[in-house]
Amino acid sequence: MDKSWMHSDRRSKAYEFGVEAFLNFAVENLLTTTHIRCPCVKCVNLKLFGVGIIRDHVYFNGIDQSYKNWTFHGEPWEATTNGSRNVEEDDGHSRYSFVSEEIDMDDNDFGDFSSDPYEFANVIGDGDQPVYPGCRKYTKLSALVKLYNLKVKHGMSDVCFTELLILQGDLLSEGNTIPTSMYEAKKTLCALRLSYEKMHRCPNDCILYRKEYEDSTNCPTCGISRWKEGKNSILKEGVPAKMSHPADSPSWKLLDDKWPEFGNEPRNLRLALSSDGFNPHSSLSSRYSCWPVILVTYNLPPWLCMKRKFMMLTLLISGPKQPGNDIDVYLEPLIDDLKSLWVGIRGVYDAHNGEYFTLRAALMWTINDFPAYGNLSGCVVKGYKACPICGDDTPSHRLKNGHKICYIGHRKWLPINHPYRRQRAAFNGKPEYGIPPEPLTGEEVLHMVENGDRLCWKKKSIFFDLEYWKYLPVRHALDVMHIEKNVCDSIIGTLLEIPGKNKDGIAARLDLLNMGVKTDLQPKYGERRTRLPPGPWNLSRAEKREVCNSFYGMKVPEGYSSNIKNLVSLKDSRLLGLKSHDCHTLMQQLLPVAIRSVLEKPARYMKVLKGYVQNHTRPEGCIAERYIAEEAVEFCTQHLSDVSTVGVPSSQKMGVSKPLSGCTVSVVDQDLLNQAHLYVLENTEEVLPYIEQHMIHIKTAYPKFRKRTKWLQDKHNNTFIQWLRFKVQSELEEDNHGVSENLRWLAAGPNMVVPLYRSYLIKVASAKDKNPILSNMGFYGVIQEIWDLDYQKFTIPVFREYNDVIGDEVLGDVIIECEPFTRRMPNVDTFDELVGELGGQNIRGGCEDIWIE
């Protein structure tokens with residue numbers, strides 16, 4: 001068909017005849033006159049209209065001249081001489097030539113789109129097809145993506161999702177386009193999905209069958225067959241034998257300084273790698289270990305970079321056994337990609353700025369627990385030389401009775417004048433005067449492993465294949481939450497004597513005796529039982545119950561931690577089911593509160609991956625398939641409105657507070673009410689200018705006292721409320737006074753009849769805060785009452801608390817700082833004096849003995 005008219009003047013007869021011929025061609029092929037894609041330069045075949053509207057658009061806007069192959073209007077795709085389908089050649093240029101010329105692509109770079117355009121074209125058609133006749137809000141594709149988003153977010157099974165689709169189809173009118181099964185839904189979304197690659201490996205973890213080994217049938221290292229043996233030792237070909245903010249950190253600044261061309265481009269990625277093993281079968285057993293390798297992008301804000309949506313599952317090392325030191329074999333594909341990213345990927349499109357650029361990325365460090373640190377770095381992490389910093393000089397000591405190696409030189413990392421350095425009875429019976437060694441640089445480590453000095457190193461890490469790795473000051477970071485949970489479990493288990501968690505026993509007491517520390521706590525052997533004298537850390541039965549009751553009665557702000565009440569077992573005085581974040585809150589704040597009553601007058605992302613497993617015979621396949629499906633849905637939801645994303649918590653409304661209990665209405669004392677009202681005024685942004693004016697007024701009226709700060713503050717507190725009321729009233733009498741409605745009611749004061757509550761849900765934000773941030777809050781003190789001050793048009797909750805430090809009643813509003821219980825280490829200079837010398841009294845009085853059968 002002649003298409004030269006597309007380049008003619010729109011006022012010419014040739015253009016007019018060409019438009020009519022095009023419309024007749026479209027109607028004959030599509031068999032419709034109302035749902036035809038408009039090829040004008042504004043619609044570009046993305047919108048469907050009737051013939052009349054399309055004719056107007058083509059005349060007013062002009063036709064898209066790059067639309068040379070009328071595939072959306074019935075013209076078949078034509079193959080070119082170079083074997084690439086769906087591209088029509090015109091003077092040596094394809095209809096996608098503007099893309100390839102702009103970013104220097106060849107035909108192979110079009111990927112799956114050029115190989116099967118009908119599949120992608122069908123998806124585009126679904127994006128314009130209404131979900132039912134007459135629906136303008138949802139198309140077939142948008143409705144399906146939103147439904148699939150719910151499936152991914154809430155973990156629906158395929159059977160449940162199929163039944164939901166059937167129900168949706170029955171609820172909608174006839175002629176709806178909702179798929180009737182999960183299979184049909186997958187067919188619709190298959191064109192949008194990402195792909196992943198399965199790789200075979202040697203059963204002995206020697207190699208991956210990739211690159212030059214891709215077609216090999218036997219391992220070139222150990223000679224074992226690639227294929228699994230079936231019955232009668234017949235190899236099953238095709239079945240593998242086993243598939244088994246940081247911006248302030250020195251590493252970030254080093255990348256900026258050493259490679260300025262990398263640091264000057266803010267779009268270059270800073271990555272972190274994390275890997276650990278877990279059992280995908282929802283069991284705590286270690287008989288099966290699956291290892292995901294996850295990349296995290298640090299270019300995002302701190303509150304987003306560690307969220308599920310922005311975690312990239314790059315590798316999945318299947319079980320049942322963990323890879324151990326052979327993990328480098330599995331990391332080879334990822335290291336190759338990181339090398340390519342360091343050189344740069346050309347032609348990456350920046351949708352925000354509308355330009356193409358070269359994307360680069362650098363891996364800053366790995367994040368893992370201590371055993372995984374040994375596998376990734378090649379460092380020895382157990383035995384007498386297990387410290388990666390001290391190396392050969394690791395201060396290790398083997399416990400004769402506990403049959404474990406302990407490391408007791410940790411105090412050398414404290415400041416030189418720290419009181420703990422001088423303590424003896426609290427530690428190993430000796431003071432500490434040593435200085436910490438300097439950590440080895442990456443270049444020093446590389447030199448050691450390459451020259452055979454491997455006393456403390458098992459191998460050369462594969463990460464040294466990265467050009468920049470040896471220059472990074474921090475190459476591996478330990479997961480502090482993981483370590484903190486282990487420490488918390490040991491402390492709680494020892495305090496409450498939880499079986500399996502208690503670190504106190506006969507072996508521990510005998511080891512203390514051998515070290516000459518706390519010798520009076522040695523076991524007392526009897527004929528049938530052994531008695532352990534109670535140590536300073538042991539609690540009586542009544543004290544254990546009191547500690548557990550303290551935990552049981554704790555109420556914390558929403559989102560602060562798990563419901564502590566559900567973690568306490570009062571029957572046997574123990575804590576159960578503590579998660580990592582629960583241990584963090586216990587160690588940082590809650591444990592001191594719970595234990596001071598008995599002292600003498602003080603996610604996980606792995607869980608998400610585990611939830612992916614539906615077929616327990618193929619756990620890795622389930623994880624890979626569901627992760628890819630989630631990524632595809634997340635890509636689609638970015639282009640749809642009113643769809644919440646998976647992996648990022650929904651934003652909560654700031655400033656929305658509500659009581660959680662019934663109230664008692666009372667007429668409060670006028671002095672207390674004035675104190676609460678004054679606190680509200682001084683924490684309101686709109687009142688601050690009036691506070692400054694009032695202070696100037698006082699200094700002018702009382703010039704003799706202008707330098708007495710305390711007198712001025714007391715005078716201000718006593719007179720400001722009445723002064724503000726008259727000041728606002730006088731301004732209201734003027735024209736164009738500018739007094740807001742809120743300030744008017746604040747100046748009038750609250751009602752003397754105040755509702756008193758016992759519990760209240762508070763969204764922490766100050767009235768002065770122009771950019772409120774949702775956060776946990778720490779609170780110091782015992783709340784007696786919660787007042788809801790009534791200012792006629794709005795209410796403001798304030799706390800009435802009793803501070804046992806100053807012994808006075810104080811009123812505070814919701815502006816509470818998030819601070820730890822102590823800002824610095826306590827002063828323990830007199831600890832040795834309190835407990836005496838090493839042979840002093842360590843047995844805790846008033847506590848039952850511990851009997852062991």
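The first residue of the sequence shown is numbered 1, and numbering continues consecutively from there.
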For Q693 and K727: C-alpha separation, side-chain torsions, deciding distance, then whether side chain to side chain contact (heavy atoms under 4.5 Å, CB included) applies. CA-CA 10 Å; Q693 294 179 32; K727 179 70 173 176; 3.4 Å; yes
Does N149 reach the main-chain N or O of V145 with its side chain, forming a donor-acceptor pair under 3.5 Å? no
Could you tell me whether the side chain of L681 reaches within less than 4.5 Å of the side chain of Y690, counting heavy atoms only? no
Contact summary for V754 and N751, nearest pair of heavy atoms: CG2-O, 3.7 Å
Roughly how far, to the nearest 0.5 Å, is the CE atom of M554 from the CD1 atom of I564? 7.5 Å
Got D788 and P797 here, is their nearest side-chain heavy-atom distance under 4.5 Å? yes
Tightest non-hydrogen contact, residues E682 and L688, listed as O-CD2, 4.1 Å
First locate atom OG1 of T684, then atom CG of N742, and finally report the distance between them rounded to the nearest 0.5 Å. 9.0 Å
L576 versus S569, closest heavy-atom pair with distance: CD1-CB, 4.1 Å
Near Y552 OH, under 6.0 Å, is it more than 12 heavy atoms from other residues, nucleotides or ligands? no
Is there a side-chain contact between H716 and I691, using heavy atoms and a 4.5 Å cut-off? yes
Can you confirm whether Q722 sits close enough to R725 that some side-chain heavy atom of one is under 4.5 Å from a side-chain heavy atom of the other? yes
Examine distances only and state if a side-chain atom of R270 and a backbone atom of M364 form a donor-acceptor pair shorter than 3.5 Å. no
Derivation of the side chain to side chain contact (heavy atoms under 4.5 Å, CB included) call for L539 and E546: CA-CA 10 Å; L539 303 178; E546 191 169 351; over 6 Å; no
Holding to ring pair (Phe, Tyr, Trp, His ring centres under 6.0 Å), I want the full list of residues that pass it with W711, two or more places apart in sequence or in another chain. Y702, F705
Within-4.5 Å side-chain heavy-atom neighbours: E631 and L313: no
Only residue of I367, I483, D369 satisfying side-chain contact (heavy atoms from CB on, under 4.5 Å) with L478 is I483
How many angstroms lie between atom CG of D350 and atom CG of L359, to the nearest 0.5 angstrom? 10.0 Å
Minimal non-hydrogen separation, L578 against C583, with atom names: CB-SG, 3.8 Å
For L746 and V728, run side chain to side chain contact (heavy atoms under 4.5 Å, CB included): C-alpha distance rounded to whole Å, both residues' side-chain angles, the deciding distance at 0.1 Å, then the answer. CA-CA 10 Å; L746 278 173; V728 171; over 6 Å; no
Trace of the side chain to side chain contact (heavy atoms under 4.5 Å, CB included) decision for L273 with I294: CA-CA 6 Å; L273 181 146; I294 301 164; over 6 Å; no
Could you tell me the separation between the CG atom of N268 and the CG atom of L255, rounded to the nearest 0.5 Å? 10.0 Å
With heavy-atom distances below 4.5 Å as the criterion, would you say the side chains of L672 and Q675 are in contact? yes
Are H677 and F720, when compared by the centres of their aromatic rings, separated by less than 6.0 Å? no
Would you compute the distance between atom SG of C488 and atom CE of M481 and round it to the nearest 0.5 angstrom? 10.5 Å
With E630, the salt bridge (charged side-chain N to carboxylate O under 4.0 Å, His left out) member among R308, K153, K309: R308
Run the salt bridge (Lys or Arg N to Asp or Glu O under 4.0 Å) test against K151 and tell me which residues pass, sequence neighbours left out. D158
Where the side chain of R411 meets the backbone of Q423, is there a donor-acceptor pair that is under 3.5 Å apart? yes
Just to verify, what does S562 make a side chain to side chain donor-acceptor pair (under 3.5 Å) with, not counting sequence neighbours? D582
Is there a side-chain contact between V547 and L495 in this structure, where contact means two heavy atoms from C-beta onward sitting under 4.5 Å apart? no
My understanding is that only residues two or more places apart in sequence, or in another chain, count here; which of them pass salt bridge (Lys or Arg N to Asp or Glu O under 4.0 Å) with E265? R267
Could you tell me if the side chain of L575 sits less than 4.5 Å from the side chain of V568, heavy atoms only? yes
Hey, is the main chain of Y560 close enough, under 3.5 Å, to the side chain of H581 for a donor-acceptor pair? yes
Sequence neighbours left out, what passes ring pair (Phe, Tyr, Trp, His ring centres under 6.0 Å) with Y298? Give chain and number order. W365
Using a strict cut-off of less than 4.0 Å between a Lys/Arg side-chain nitrogen and an Asp/Glu carboxylate oxygen, indicate whether D714 and R708 qualify as a salt bridge. no
Strictly by modelled atom types, are N674 and Q670 linked by a side-chain donor-acceptor pair under 3.5 Å? yes
Over all heavy atoms of both residues, which pair between V556 and S561 is shortest? Give the atoms and the distance, please. CG2-OG, 3.9 Å
Distance from D479 atom CG to S580 atom OG, nearest 0.5 Å? 7.0 Å
Taking salt bridge (charged side-chain N to carboxylate O under 4.0 Å, His left out) as the cut-off, I'd like each qualifying pair that reaches into residues 689-704, sequence neighbours left out, listed once. none
Of all heavy-atom pairs linking R574 and C548, the shortest is N-SG, 3.8 Å
